[in-house]
Amino acid sequence: METLMEESEYNWREVKLPLLIPIVPEPELERESGERRRGRDILIAVDHGSKSKHAFDWALIHLCRLADTVHLIHAVSCLKNDIMYEATQTLMEELAVEAFQVAMVKTLARIVEGDAGKAICMEAERLKPAAVVMGTRGRSLIQSVLQGSVSEYCFHNCKTAPVVVVPGKEDGDKSVM
């Protein structure tokens, strides 16, 4: 399967995260040096749903390590919606604080405009992260083919390694908003 070529320009809006997170100096670990010590970039696609939060938690516990940078991305249809921006900013602030408390990683956040799958793939192309982490609703193959799926689109079109986290049964349909 061939990767689709997308437009090189897209709209985005940086999210200002709180300065409550203390600035931590680079870790001084004797066993890590050079390239490895610098840390990796990990892109996590988030929204206001519980599946996204589950994927975020999974990435912090199983994937992130000291000196990594977590890039949170949220795709919206229109950047001019201030209510959605404020709600997303609040969500990303909470996730940034949690990321620091759990894994002691630096967090950057961005809201991008457009189709979620295409926007995530374009952001991954720009950042060149070690992994792109996203949640999935856990629908059947037939449902995802008929209705479409952001995680399936990214799985087939993202040049960076996509990590699709399937929710557990105990996760339910609760929202973090």
Side-chain angles (χ1 to χ4, degrees), residues 1-19 21 23-24 26 34-49 51-60 62-82 84-100 102-136 148-165:
M1 201 172 235
E2 195 171 315
T3 303
L4 298 174
M5 298 306 291
E6 304 292 339
E7 298 175 13
S8 60
E9 295 294 322
Y10 63 101
N11 295 327
W12 55 272
R13 195 167 168 186
E14 209 70 44
V15 176
K16 292 181 176 53
L17 295 174
L19 297 175
I21 302 171
I23 308 265
V24 177
E26 288 292 319
E35 263 321 287
R36 190 165 175 218
R37 182 173 176 215
R38 200 175 53 174
R40 306 166 297 171
D41 291 318
I42 297 172
L43 181 66
I44 303 177
V46 297
D47 61 16
H48 297 281
K51 313 305 187 217
S52 165
K53 177 68 166 92
H54 178 73
F56 173 79
D57 292 340
W58 184 92
L60 288 184
H62 298 289
L63 193 60
C64 293
R65 62 181 182 215
L66 205 58
D68 284 350
T69 301
V70 169
H71 297 266
L72 301 175
I73 181 173
H74 179 68
V76 296
S77 57
C78 180
L79 283 172
K80 295 179 177 109
N81 187 342
D82 288 332
M84 182 56 131
Y85 176 79
E86 290 173 14
T88 302
Q89 181 175 7
T90 302
L91 171 68
M92 289 186 169
E93 287 173 356
E94 291 169 2
L95 294 177
V97 169
E98 183 180 342
F100 180 77
V102 172
M104 292 188 69
V105 293
K106 179 182 174 184
T107 305
L108 300 174
R110 181 178 272 201
I111 300 172
V112 294
E113 182 177 47
D115 180 56
K118 291 178 183 176
I120 292 167
C121 290
M122 290 175 76
E123 193 68 11
E125 180 68 25
R126 182 184 73 83
L127 287 172
K128 309 251 188 281
V132 177
V133 180
M134 67 193 73
T136 183
S149 167
V150 173
S151 57
E152 186 175 333
Y153 178 88
C154 292
F155 184 77
H156 291 292
N157 295 295
C158 196
K159 294 179 182 176
T160 304
V163 178
V164 180
V165 180

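None of these values were measured; they are calculated from a predicted model. Residues: numbered from 1 along the sequence shown.
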So do Arg65 and Arg40 actually touch side chain to side chain, heavy atoms under 4.5 Å? yes
Which is it for Leu43 and Thr160 under the side-chain contact (heavy atoms from CB on, under 4.5 Å) test, yes or no, and what are the steps along the way? CA-CA 10 Å; Leu43 181 66; Thr160 304; over 6 Å; no
Heavy atoms, side chains only, cut-off 4.5 Å: are Glu94 and Lys53 in contact? no
For residues Val112 and Met122, determine if any side-chain heavy atom of one lies less than 4.5 Å from a side-chain heavy atom of the other. no
Gap separating the OG1 atom of Thr88 from the CD1 atom of Ile111, nearest 0.5 angstrom: 4.5 Å
Report, one line per pair, each donor and acceptor closer than 3.5 Å where one atom sits in a side chain of residues 70-78; sequence neighbours left out.
unit_1: His71; atom_1: NE2; unit_2: Asp41; atom_2: OD1; d: 3.1
unit_1: His74; atom_1: ND1; unit_2: Val46; atom_2: O; d: 2.7

Measure the shortest side-chain to side-chain distance between Phe155 and Ser149 over non-hydrogen atoms and say whether it is less than 4.5 angstrom. no
What's the spacing between Met104 CE and Cys64 SG if we round to 0.5 Å? 13.0 Å
Quick one: do Gln89 and Arg13 satisfy side-chain contact (heavy atoms from CB on, under 4.5 Å)? Show the steps, please. CA-CA 11 Å; Gln89 181 175 7; Arg13 195 167 168 186; over 6 Å; no
Rounded to the nearest 0.5 Å, the CD atom of Glu86 sits from the CG atom of Leu91 at a distance of 14.0 Å
Compare all side-chain heavy atoms of Cys158 with those of Ile120 and state whether any distance is below 4.5 angstrom. no
Close side-chain approach of Phe56 to Glu98, heavy-atom, < 4.5 Å: yes
So do the side chains of Thr107 and Met92 get within less than 4.5 Å of each other, counting heavy atoms only? no
I need the minimum non-hydrogen distance between Cys154 and Met134, along with the two atoms involved. CB-CE, 3.4 Å
